[in-house]
Each structure stands twice: as C-alpha cells, then as structure tokens.
2 protein chains.
Amino acid sequence: MTVIDSSPVTSPPVDVCVSVGSAHPRPDGQDRYTIREVAEYTGLSAPTLRWYEQIGLMPQVRRSPTGQRLFDNRDLDWLAFVTRLRMTGMPVADMVRFAELVRQGEATFAERREILRQTRREVIARIAELQDTLFVLESKIDFYGGAQGASERA
Amino acid sequence: MTVIDSSPVTSPPVDVCVSVGSAHPRPDGQDRYTIREVAEYTGLSAPTLRWYEQIGLMPQVRRSPTGQRLFDNRDLDWLAFVTRLRMTGMPVADMVRFAELVRQGEATFAERREILRQTRREVIARIAELQDTLFVLESKIDFYGGAQGASERA
DNA sequence: TAGGACCTTCAAGTGCGCTTGAAGCAAGAG
DNA sequence: CTCTTGCTTCAAGCGCACTTGAAGGTCCTA
C-alpha cells in the first residue's frame, strides 16, 4: 500500500486508508480522469459520483480551471474501497461518517479500525447466513428433481 | 396448493416446496397463530405480513369466521423460506413470481428449479465477493494498527 | 356490558440510494 | 464560428420495501 505516487501529479503518501485494492488496470497511464472515465472504470454513474462528492463520501475532488472535475488514482482507490463497503450492505450515511474520520487524519485510526472490525464481524455473519441459505436452496433444488437437464419430471 | 383444512395440526406432505427449514420451535403446539404470534416468530411486522399476503407473496391465509387471519405451520414454513430468499437479495417481485409458480402446482417444478439454481449461482458469487471484501477489511484493520486493545498508535 | 387490547381495510407516507430534468458553461471538430 | 458532445449545478422524481394513519370491527376479561 502507501500509495503509488510516481512522478507526475499525485499527492504525498499521507495518512489515508486507501490504496489497498488497486489491482485494476487504470483507464490510462496518467493520473487525471474525467468523470466519464471514472464512471466507466468504477461502474458508478456520473450523477452518482457527483452525489457522492456532494454528500461528503468523496474527498474534495480536484477541479480544472474551468470547474470540471479531475479525478486521480487516489480517488479511484477510494472509490474502489467505497464500493466494497457498499457491497457489505453498509449504509451510505455510515460510509460518510467513515470518510469524515479519514479527513480528520491519524487521530481517528482507532475509531476507524473499530468500525472496520465491526464491519468484518457483520460480513462474517452474512457469509454464514448465505451458506445456510445455500443448503436450503440445494435441498429444494433436489426436491424439484436434481436431474441436470431434465425439463420436466412430474 | 391444495389447502390445509385437516382437523387440528399439520397437513399431509403434498407437493409444496416448503417444509425444509422447519427447525425452529413453534410458538406453541397447535396449528393456529394470530398475526401477532407470526410477527413475533418471524420477525416480520404485522403490516408486512398483511402486505405479503396482499401482493401474492403468501398463499391465501385462512380466516376465522369473523375475518381474522389464522396462520398455520405451513405458513410459517413458507415465511421462513421467503425470509431466506429475501436474504439473498432477491427482489420481492421475483419472489411473488415464484409464489405464483408454487400455486400452479407440479407442472412448474422445472421452472422453479431453474430459478433456485440461478439464485444459488448468485449466492455463491455473493459469498465470493464478501470473502474478497473480508481480505480487504483485514488488511485495512492491520494498517490501522492490529494491536487488539491499543486505543491509539500514531 | 364496558373497557382495552388486538384485529380488519384502504390509502397515504417514509427512507434510502440513486436518477432524471432543466438550464447553462466548456472543449474539440469541421 | 458553429455544432456537437460533455461538463456544471440545483431540484425534483423514482423504485423499492415497507410503515403509518384513519376509521372501524372483534375478543376477552372484569
């Protein structure tokens, strides 16, 4: 982790909790992306990206001299993380709270850690539930006639 | 599907795709429950139970001579299954569709099986995603200072 | 037979997570 | 220079899954 940060652009490897899941290939080699590029890359819509920024779920996004958003790799990392958190079922309001803690710097490490631990607990519980559900589904599928390709059976 | 209607207590094991997950202890020994009892047992609210019936997500619930709902063990089994399906993220509309197929009898076995197989695929994918997320969470928790009880670290 | 808790229906309201519309500014191609 | 495409803001709208409110009937206990 600790941020990529080659030569062009990018900010120094400050605090930040980001930059863990940056495995995806980036839209291009550089560090400036339009909202459309980010939308394509993340799968979020452009309005959603604007909305995320508006509610404080994004760090302040850089702007061009004329006011257009310029996302960078850090933003992409953050969005990848946010998308993971959404996947766990975490409400947007909670993610905004987390983003606020990130903004407040290292002093909030303990609190952030606690939030993520709680989230981890919930994810583990969720996985267990889904695995139970898998068994239920399997037994019902069997009940309906397990034969793979058979189109009917009654 | 072939109404309950026996004397007291449970019906014969007809068609039905229900009755797999009936492990829970029932509110009492008999086979007639008020909406309040069912609400407590299932964790769904009474309005939600009425709404489920209204949209066709429940089989027609028996009524007392004065019009009050009388749920039975079959209804409880069905609700347990529905709750599982909800847990997978299946939209209510899709569950209504499934309930319709159940009402149509054995001729829809193949289609029901296909739906559940698709659901199973989705659940498996969901579990995989959540497990990936678990790794991300763990690496971030470590980043924030893995020490269990340490309240700060910067 | 009165009171209170619980049931009924129907319709409207709520909260969440976006999405869409309106009106206008900006960047690049012909 | 215009034209198209894409960006901007702000506000309103939407779909889903319930929830709540209003008005009234029912059950049960005292």
Side-chain angles (χ1 to χ4, degrees), chain A residues 27-28 30 32-58 60-72 75-76 78-100 119 122, chain B residues 27-28 30 32-58 60-72 75 78-100 119 122 126:
Chain A
D28 53 27
Q30 31 177 47
R32 290 167 83 234
Y33 312 108
T34 67
I35 197 165
R36 175 138 303 279
E37 288 168 326
V38 175
E40 273 167 25
Y41 173 63
T42 62
L44 300 165
S45 73
T48 297
L49 291 170
R50 291 190 196 100
W51 181 66
Y52 275 8
E53 188 188 6
Q54 186 192 317
I55 64 176
L57 188 45
M58 287 284 297
Q60 18 44 289
V61 177
R62 265 189 311 158
R63 300 299 181 114
S64 76
T66 57
Q68 303 198 189
R69 287 176 183 81
L70 293 175
F71 294 79
D72 59 26
D75 296 322
L76 258 40
W78 173 253
L79 284 169
F81 179 53
V82 156
T83 298
R84 284 246 165 247
L85 285 185
R86 281 292 300 119
M87 259 199 29
T88 69
M90 183 184 285
V92 165
D94 291 6
M95 303 196 313
V96 169
R97 169 72 185 141
F98 191 89
E100 275 162 11
T119 303
E122 288 163 9
Chain B
D28 54 27
Q30 32 178 46
R32 290 167 84 236
Y33 312 107
T34 67
I35 199 166
R36 175 137 302 278
E37 288 169 326
V38 175
E40 273 168 25
Y41 174 64
T42 62
L44 300 165
S45 73
T48 296
L49 290 169
R50 291 190 196 101
W51 180 65
Y52 276 8
E53 187 187 7
Q54 185 191 320
I55 65 176
L57 187 46
M58 287 286 297
Q60 20 39 294
V61 176
R62 264 189 312 160
R63 301 296 183 115
S64 76
T66 57
Q68 304 200 187
R69 287 175 183 80
L70 294 175
F71 294 79
D72 59 27
D75 296 321
W78 173 253
L79 284 169
F81 179 54
V82 157
T83 298
R84 285 245 164 248
L85 286 185
R86 280 295 297 122
M87 260 200 26
T88 69
M90 181 183 287
V92 164
D94 291 6
M95 302 196 314
V96 170
R97 169 74 185 138
F98 191 90
E100 275 162 11
T119 303
E122 289 163 9
R126 196 82 228 299

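Residue numbers start from 1 in every chain, and the chains themselves are labelled A, B, ... in the order their sequence lines are given, proteins ahead of strands.
- Take A:Ser64 and apply the side-chain hydrogen bond (donor to acceptor under 3.5 Å, both in side chains) test, not counting sequence neighbours, and it matches A:Thr66.
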Atom pairs under 3.5 Å, N or O on each side, protein against nucleotides 11-14 of chain D: can you list them with distances?
none

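- In terms of the salt bridge (charged side-chain N to carboxylate O under 4.0 Å, His left out) criterion, residue partners of B:Arg97 (sequence neighbours excluded) are, by chain and number, B:Glu100, B:Glu111.
- Residues that satisfy the side chain to side chain contact (heavy atoms under 4.5 Å, CB included) test with A:Ala39, not counting sequence neighbours, are A:Leu49.
- Residues satisfying the side-chain hydrogen bond (donor to acceptor under 3.5 Å, both in side chains) criterion with B:Thr83, sequence neighbours excluded, are absent altogether.
- Within the model, atoms CH2 of B:Trp51 and CG of B:Leu57 stand 7.5 Å from one another, a figure rounded to the nearest 0.5 Å.
- Bounding nucleotides for the chain A contact on DNA chain C, 5' to 3', at a heavy-atom distance below 4.0 Å, are C:dG17 to C:dA27.
- Heavy atoms only, all atoms of each residue included: A:Phe71 and A:Arg62 are closest at O-NH2, 4.4 Å.
- The nearest pair of heavy atoms linking A:Val96 to A:Ile55 is CG1-O, 3.5 Å.
- For B:Glu122, the side-chain hydrogen bond (donor to acceptor under 3.5 Å, both in side chains) test picks out B:Gln118, with sequence neighbours left out.
- Within the structure, salt bridge (charged side-chain N to carboxylate O under 4.0 Å, His left out) pairs that include any residue of residues 80-92 of chain B do not occur (at least two apart or interchain).
- Qualifying side chain to side chain contact (heavy atoms under 4.5 Å, CB included) partners for A:Arg50, counting only residues two or more places apart in sequence or in other chains: A:Ile35, A:Ala46, A:Pro47, A:Arg69.
- A salt bridge links A:Glu53 with A:Arg63: at least one charged nitrogen is closer than 4.0 Å to a carboxylate oxygen.
- Protein atom CG of B:Asp94 is 9 Å distant from nucleotide atom P of D:dA17, rounded to whole Å.
- Across residues 42-55 of chain A, A:Arg50 each have a non-hydrogen atom less than 4.0 Å from an atom of DNA chain D (numbered order).
- Pairing each heavy atom of B:Tyr33 with each of B:Val38, the nearest pair is CB-CG2, 3.7 Å.
- In this structure A:Thr88 satisfies the side chain to side chain contact (heavy atoms under 4.5 Å, CB included) test together with A:Met90, A:Thr119, A:Val123, B:Thr133, sequence neighbours excluded.
- Of the residues in residues 84-92 of chain B, none has a non-hydrogen atom less than 4.0 angstrom from any atom of DNA chain C.
- Rounding to whole angstrom units, CZ of residue B:Arg69 and P of D:dC27 are separated by 14 Å.
- Across the protein-nucleic acid pair, A:Ile35 atom CD1 and D:dC7 atom C1' stand 8 Å apart, rounded to whole Å.
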